[in-house]
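As C-alpha cells, the structure follows; a few thoughts come after it.
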Amino acid sequence: MVKEGVVGDFEVEVEGWAARDDSGILSPINFTRRKTGSNDVTFKVEYCGICHSDLHQIRNEWKNSIYPMVPGHEIVGYVTEVGSEVKNFAVGDRVGVGCMVWSCQQCDSCSEGQEQYCEKTVLTYNAINVDGSPTYGGYSSLMVCDQRFVVKIPETLPFDAAAPLLCAGITVYSPMKYLQMSQPGKSLGVVGLGGLGHMAVKLGKAFGLKVTVISTSPRKEKEAREELGADHFIVSKEPKQMEDAAKSLDYIIDTVSADHPLQPLLNLLKVNGKLVLVGLPENPLSFHPAGVISGRRFVGGSSIGGIKETQEMLDFCAEHNISCLIENIPIDYVNTAMERLVKGDIKYRFVINVAESFSGAKTE
C-alpha cells in the first residue's frame, strides 16, 4: 500500500484513482494519509474538479511526473477532524484545498501572502512533501492538509461547482486584481472560452467590465453572449474582425494553452493596455518589440493566487453568485473525461462526484 506523509500511531486508509505511467490511464488505488497533526485539517472529499494540468501531468507531458500519481487540486469536502492548534475550522465545515499544501512561510513571497511564488512551495499532487514523501491529490476519498492552505467554501456556493474556483477561478481573479484589471467601464478581452476563459468572462462582468471573447471557433459566439453575458465576440481567424477591433481593449487575459501568435492580440490593445498570460503553451511565444513599444503596452503572466486572495475570491463569487459551469461525473468515467478534455468536448469543467464514488475512509 502506498503511503503519504509521516505515519504515527495509526493510519487512515484512503481510496483513490491513480496513473501508474505516462499512458495516463487512471485506475483504483489504496493508499494511506498521515494522521491529523496539530496544525492539520482532515476532510472527507465530496467533489474534485478536473483541471487541464491534470491531463498534462498524468501523461508526463511536462516531463516531471512522479508515479503512482493521484491527481486533483480543485478539492472540496466536509471537515471530519482538526488538530489541536486549529482554531478557524471545525468538524462539519465546508472547506477546500487548491494547488498548494505547503510553503516555507519565511520568504518575501510568503510574507506578502503570495505563497504560490515561494520557491519551496509543495504542490497538492505530483510533488514531494517536506518529509520526502509524495503528495496525492483529490481524486481520493480523504484529504489531510495544513490549516494554512485550507479555505472555507461559502454556504451559498453550490458545492460541486465551487470546486474549480480553487484553480480556474483564482487563476484569472488574481491577475485581474493585482494588475487593476477590474475598473468598471473598462474593456476586457478573454482569449479562449474553456475552463479558465468562461470564469474570466463571469468575473469580468461582475467587475463591471465590457467583455469581448476572442476565439478561433465561431460556434462559441452564442454561448459566449447568451450563456455567459459577453458583450462582444471576435473570431481570431477572421482578419477583418481583428482589424476592426484594433486598439479597442484595455486588458486581455490569454487562457489558451495551445501554441498561438501574440502579435494579433497585442494589436487589439489600447495605449497602456495589458496582456496577461495564464495558459501554458508547449512552445515559446514571441512578438516584435515594436508591438509593445509603440503603444506602451505590457505583457506579463500570472499563476494562481495566495491563500488569502483565494478566500477573497471565493467570498466575491458567493456575493455575486458566480460558480463554474460543470459536468458532474463519477470517478469511473475519468478516463473518458480525459479523452473528451483532449478534444475540448466539455462545457466547461468536469467535476468528479467523489463522495458517491467511494465507500469511504477507514481507520486501521
Side-chain angles (χ1 to χ4, degrees), residues 112 114 116-117 168-194 196-218 220-221 224-225 228-281 283-305 309 312-313 316 320:
E112 294 170 1
Q114 297 182 12
Q116 72 273 32
Y117 299 121
I170 189 59
T171 295
V172 293
Y173 180 91
S174 183
M176 292 177 78
K177 292 293 288 187
Y178 182 78
L179 296 170
Q180 299 180 335
M181 298 165 61
S182 57
Q183 301 172 54
K186 295 288 188 178
S187 54
L188 169 71
V190 177
V191 186
L193 196 60
L196 295 177
H198 94 286
M199 286 308 307
V201 175
K202 286 191 167 195
L203 289 167
K205 294 301 293 183
F207 285 132
L209 302 173
K210 293 176 287 187
V211 179
T212 297
V213 171
I214 304 160
S215 174
T216 59
S217 176
K220 291 192 174 183
E221 180 170 6
R225 291 182 182 272
L228 300 174
D231 300 284
H232 306 286
F233 188 90
I234 298 172
V235 180
S236 58
K237 291 182 177 179
E238 295 291 338
K240 181 66 164 57
Q241 291 188 30
M242 293 291 284
E243 183 180 338
D244 290 345
K247 298 182 180 179
S248 65
L249 302 175
D250 296 291
Y251 324 120
I252 293 176
I253 289 186
D254 187 345
T255 71
V256 175
S257 58
D259 294 340
H260 61 287
L262 283 188
Q263 191 61 55
L265 299 177
L266 290 172
N267 294 339
L268 302 179
L269 288 173
K270 298 178 182 179
V271 172
N272 298 322
K274 303 170 185 175
L275 188 155
V276 179
L277 302 169
V278 294
L280 279 173
N283 296 306
L285 304 178
S286 63
F287 56 88
H288 196 284
V292 291
I293 293 172
S294 60
R296 196 162 62 186
R297 299 171 175 127
F298 300 88
V299 178
S302 183
S303 171
I304 57 172
E309 189 174 44
E312 175 189 300
M313 177 273 303
F316 179 87
H320 294 273

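Across Thr255 and Val191, no two heavy atoms sit closer than the pair OG1-O, 2.6 Å. Among all heavy-atom pairs drawn from Thr216 and Lys237, the shortest one is CB-CE, 3.7 Å. For the residue pair Gly291 and Leu266, the shortest heavy atom distance occurs at O-CB, 4.5 Å. Considering all non-hydrogen atoms of both residues, Leu262 and Ser286 come closest at CB-O, 3.9 Å. Scanning all heavy atoms of the two residues, the minimum distance from Phe233 to Ser215 falls at CZ-CB, 3.7 Å. When all heavy atoms are compared, the tightest approach of Val213 to Ala230 is CG2-CB, 3.8 Å.
Not a single side chain to side chain donor-acceptor pair (under 3.5 Å) links Glu238 to another residue, sequence neighbours left out. Residues satisfying the side-chain contact (heavy atoms from CB on, under 4.5 Å) criterion with His288, sequence neighbours excluded, are Gln263, Ala290.
With a 4.5 Å cut-off on side-chain heavy atoms, Val211 and Leu228 do not count as touching. Inter-residue side-chain proximity for Tyr117 and Ser302 is flagged as met; some heavy-atom pair is nearer than 4.5 Å. Looking only at side-chain heavy atoms (C-beta outward), Phe316 and Leu203 come within less than 4.5 Å of each other. For the pair His260/Asp254, a side-chain contact is recorded, criterion being any heavy-atom separation below 4.5 Å from C-beta on. Contact check for Leu268 versus Ile214: side-chain heavy atoms found under the 4.5 Å cut-off.
In this structure, CG in Asp244 is found 12.5 Å from NE2 in His232, a value given to the nearest 0.5 Å. Rounding to the nearest 0.5 Å gives a distance of 8.5 Å between CE of Met313 and OG1 of Thr171. Here the CG-NE2 distance, from Leu193 to His198, works out to 8.5 Å after rounding to the nearest 0.5 Å. In this structure, OG1 on Thr212 lies 5.5 Å from CD1 on Ile234, to the nearest 0.5 angstrom. One distance of note links OG of Ser303 with CG of Leu277; it measures 12.5 Å at 0.5 Å rounding. Separating the NZ atom in Lys270 from the CG atom in Leu249 is a distance of 8.0 Å, to the nearest 0.5 Å.
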As a quick check of understanding, evaluate salt bridge (Lys or Arg N to Asp or Glu O under 4.0 Å) for Lys205 and Asp231, giving each step before the final call. CA-CA 9 Å; Lys205 294 301 293 183; Asp231 300 284; 3.0 Å; yes
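Considering Gln183, Lys274, Lys186 in turn, Gln183 is the only one that fulfils the side chain to side chain donor-acceptor pair (under 3.5 Å) rule with Tyr251.
Remark: side-chain polar atoms of Ser187 are paired, donor with acceptor, to backbone N or O of Asp250 under 3.5 angstrom.
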Listing, residues 173-181 side-chain donor-acceptor contacts under 3.5 Å, not counting sequence neighbours, or none:
| unit_1 | atom_1 | unit_2 | atom_2 | d |
| --- | --- | --- | --- | --- |
| Tyr173 | OH | Glu312 | OE2 | 2.5 |
| Ser174 | OG | Ile304 | O | 3.2 |
| Ser174 | OG | Glu309 | OE1 | 2.7 |

